Number of protein chains: 2
Amino acid sequence: MLSQQENIHGVFHSLGDPTRRAIVEQLSKGPISVSRLAFPLEITVAAVVQHLQVLEKSGLVRTEKVGRVRTCRMESGGLLVAEQWMNDLRSAWETRLDRLGDLLSEPEEK
Amino acid sequence: MLSQQENIHGVFHSLGDPTRRAIVEQLSKGPISVSRLAFPLEITVAAVVQHLQVLEKSGLVRTEKVGRVRTCRMESGGLLVAEQWMNDLRSAWETRLDRLGDLLSEPEEK
DNA sequence: GTGATTGTCAAGCGAATACTTAACTATTCA
DNA sequence: TGAATAGTTAAGTATTCGCTTGACAATCAC
């Protein structure tokens, strides 16, 4: 099993590529097949399959094959991992700024 | 000037690298110099400088040189761009799921 | 069955990436 | 002044990455 911590890299590495971000954006509008995904991106179906493997491993996408068509959908897990990392980062940063603000507004105490 | 739209790639590309994420995490705890940043990462100062250039361009980090030491701090701009992208993505996805839920719960209408 | 569609897999290629080393500049301090 | 400190820059290298091509498998439609 892959811990959430270990998967942070998978998620951000996935989102670091513009083609994969475009795939996720498309998927946010609804499920779609591999070849329909490939067409507007103007890359081969093989390339899309490779991106899907990366996205699926990182929990951003889920796919299911019925007959000869594989349907791809967004998956919440990966997105959550990224959101959590950014929230943790921001809160660490902001609480530090708050403490700094307190110090500056009460300079008379030692 | 760099539009927020164009900068999305800069931000996610920056965060796609584990060393740069570690730098941002460190910076969330407070400002720090280049060499102090390099030490725990066990890479050369030169490598850190290269990462800082990437991070600064994407608006995740701000640096300022005083005397011979360059102090690095977190910057809100880049983080905001990433948060915005993820919020847009999630809301597109969730409103779609909501509409789908409405359809399923009211199947008697045509 | 035949032929068309949809996807899979492996190999290979060129470009980008993350580093290092080494030479250099600028600043501080004794 | 001279030595130590902090960072910068350029060049080189090994690895990873995103993609293509081409051969193949499975499914569908006639």
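Not measured: the values here are computed from a predicted model. A note on names: the letters A, B, ... follow the listed sequences, proteins ahead of strands, and every chain is numbered from 1.
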Can you tell me how far [atom2] of [N] sits from [atom1] of [X], to the nearest Å?
{"X": "Asp17(B)", "N": "dT15(D)", "atom1": "CG", "atom2": "P", "value": "17 Å"}
{"X": "Phe39(A)", "N": "dT5(C)", "atom1": "CZ", "atom2": "C1'", "value": "16 Å"}
{"X": "Ile43(B)", "N": "dT8(D)", "atom1": "CD1", "atom2": "P", "value": "14 Å"}
{"X": "Arg21(B)", "N": "dA18(C)", "atom1": "CZ", "atom2": "C1'", "value": "14 Å"}
{"X": "Ile32(B)", "N": "dG7(D)", "atom1": "CD1", "atom2": "C1'", "value": "15 Å"}
{"X": "Leu37(A)", "N": "dT8(C)", "atom1": "CG", "atom2": "P", "value": "12 Å"}
{"X": "Leu52(B)", "N": "dT17(C)", "atom1": "CG", "atom2": "P", "value": "17 Å"}
{"X": "Phe12(A)", "N": "dC17(D)", "atom1": "CZ", "atom2": "C1'", "value": "20 Å"}

DNA chain C contacts made by residues 62-74 of chain A, counting heavy atoms under 4.0 Å | Lys65(A), Arg68(A), Val69(A), Arg70(A)

At their closest point, which heavy atom of Gly16(A) faces which heavy atom of His9(B), and how far apart are they?
-> O-CE1, 3.4 Å

Closest contact, heavy atoms only, Pro31(B) versus Arg73(B) | CG-NH2, 3.5 Å

Selection from dA6(D), dG22(D), dT20(C) that lies nearest to any side-chain heavy atom of Ala46(A) | dG22(D)

For Arg36(B), which contact category applies under a 4.0 Å heavy-atom criterion: base, sugar-phosphate, or nothing?
-> nothing

When all nucleic acid strands are considered with a 4.0 Å heavy-atom cut-off, which category describes Thr44(A): base, sugar-phosphate, or nothing?
-> base

Interatomic spacing from [atom1] in [X] to [atom2] in [Y] - rounded to 0.5 Å:
{"X": "Ile32(B)", "Y": "Arg70(B)", "atom1": "CD1", "atom2": "CZ", "value": "15.0 Å"}
{"X": "Leu80(A)", "Y": "Glu75(A)", "atom1": "CG", "atom2": "CD", "value": "10.0 Å"}
{"X": "Leu37(B)", "Y": "Thr63(B)", "atom1": "CG", "atom2": "OG1", "value": "11.0 Å"}
{"X": "Gln26(B)", "Y": "Met74(B)", "atom1": "CD", "atom2": "CE", "value": "12.5 Å"}

Respond yes when some side-chain nitrogen or oxygen of His13(B) is under 4.0 Å from OP1 or OP2 of dA16(C), and no when none is.
-> no

Thr19(B) vs dC19(C): side-chain N/O to OP1/OP2 distance below 4.0 Å | yes

With a 4.5 Å heavy-atom cut-off, do Ser58(A) and Phe12(A) have their side chains touching?
-> no

Toward the 5' end of DNA chain D, which comes first, His51(A) or Val45(B), by nearest nucleotide?
-> Val45(B)

Quick one: does Gln50(B) reach the base of dT17(C) with a side-chain donor-acceptor pair under 3.5 Å?
-> no

